[in-house]
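This chain uses plain numbering: 1 for the first residue, then up along the sequence.
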Amino acid sequence: MKLIRNFFRHIRDAFRNLFRNGWMTTASILAMTVTMFMVGSLVLVFSNIQKLTTEVEQEIQIRVNIDPVASQENEALLEERIAAIENVEEVVYRSKEDELAEYQEIITNNFDELEGDSNPLNNMYLVHVSGPQNIESVVEEINALDYVLVANLGSIDLSGLINAIEVTRYVLALLAAVFVVIAVLLISNTIRLTVYARQTEIEIMRLVGAKNSFIRAPFVYEGAIIGIVGSGFAIAVLYAVYQGLQNAAAELFAINTSFLIPTLPSIIYIGLGMVALGMVLGVVGARRSVKSLLVN
């Protein structure tokens, strides 16, 4: 019963202190809002890059040109051998007529007359691999098989693409970590100002026998409340900005936004994480700010 009574007392004191120290509270909430907005933005960018990366990986195919001298039996055997290679998920056959028809749809001027024996293309297999990191090894194994003219990815610079994606992921993770550290420092400093303003009150509480945990509790709840409120503002701004950018891209620039993650429910999931992170940062900042005054 006493624990519950102390809990509500600390909550009451926390709200009272927040309103009493208006400009400090505003500074803390603003710092939290800006930081959580930046963190949420990085998460959105990372999520979109992850989605785009997955779609690109699914579209990457190894094109296996079959030797024209291969018979149907040879082609069927080649398909079995390719499918048996580790990390190969799917093997799709395309005849040279299918390839020609596709080129004719794209470049009609130069390919309309290439029919029958005039068709310079080859039968081929399109090979899907489980992951981009396995493509090079699969290409090497396929090129070693009989009746394979060449197996490649066309003009795609796969190594450059994978390296660029990995570098982007690391940069985003580093930026998110930097913003988290900045948030802790800002919140610690703003709450520390409140602590110093109430230093006499804290000393009186210690003189009458209040435990450190009892003195610390209101500040910890203040930090948690600042984290929740700041994260709430950040979520609202993030939703408005992200939805606005999607609408502007579609309406003003006619950009297809289907490759982006949808605003809802993505913002809800990210928002829940932002609220949890905001609470943690607020509590850590508050505990850090009062620690020096409570050292015996």
Side-chain angles (χ1 to χ4, degrees), residues 1-44 176-206 208 210-242 265-295:
M1 193 67 182
K2 182 180 178 181
L3 184 63
I4 297 176
R5 186 170 61 252
N6 285 340
F7 170 77
F8 285 106
R9 177 178 178 178
H10 293 321
I11 292 292
R12 181 199 63 194
D13 291 342
F15 276 105
R16 181 184 298 167
N17 294 333
L18 288 173
F19 285 105
R20 180 188 301 168
N21 302 280
W23 72 269
M24 294 182 185
T25 300
T26 302
S28 299
I29 291 176
L30 181 60
M32 178 63 74
T33 300
V34 172
T35 303
M36 296 312 299
F37 173 77
M38 297 303 297
V39 171
S41 299
L42 290 175
V43 172
L44 273 177
V178 169
F179 282 120
V180 167
V181 173
I182 291 174
V184 172
L185 294 177
L186 287 175
I187 294 166
S188 297
N189 290 332
T190 50
I191 294 181
R192 184 178 287 115
L193 294 176
T194 304
V195 173
Y196 286 150
R198 298 169 58 194
Q199 188 170 0
T200 302
E201 178 184 345
I202 293 174
E203 289 299 328
I204 293 174
M205 294 175 66
R206 297 191 67 183
V208 298
K211 295 182 179 179
N212 286 347
S213 59
F214 186 86
I215 299 173
R216 186 189 301 114
F219 295 101
V220 172
Y221 288 122
E222 283 182 47
I225 294 170
I226 289 172
I228 294 173
V229 175
S231 298
F233 286 135
I235 293 168
V237 175
L238 186 64
Y239 173 83
V241 171
Y242 188 64
S266 302
I267 293 295
I268 295 176
Y269 299 143
I270 294 174
L272 292 174
M274 290 168 62
V275 170
L277 179 61
M279 287 182 61
V280 171
L281 293 180
V283 170
V284 171
R287 292 179 66 89
R288 182 175 180 271
S289 64
V290 299
K291 181 178 180 181
S292 58
L293 292 177
L294 299 180
V295 176

Euclidean distance, I226 CD1 relative to L30 CG, rounded to 0.5 Å
11.5 Å
4.5 Å side-chain heavy-atom contact, M274 and L238:
yes
So do I235 and I270 actually touch side chain to side chain, heavy atoms under 4.5 Å?
no
Tell me the closest heavy-atom pair linking L281 and M32, and the distance in Å.
CB-CE, 4.1 Å
Would you name the heavy atoms of G278 and S231 that are closest together and state the gap between them?
CA-OG, 3.6 Å
Report the distance from atom OH of Y239 to atom CD1 of I268, rounding to the nearest 0.5 Å.
9.5 Å
So, taking the atom named CG in L277 and the one named CG in L272, what distance separates them when rounded to the nearest 0.5 Å?
12.5 Å
Which heavy-atom pair separates M36 from A234 by the least distance, and what is that distance?
CB-CB, 3.8 Å
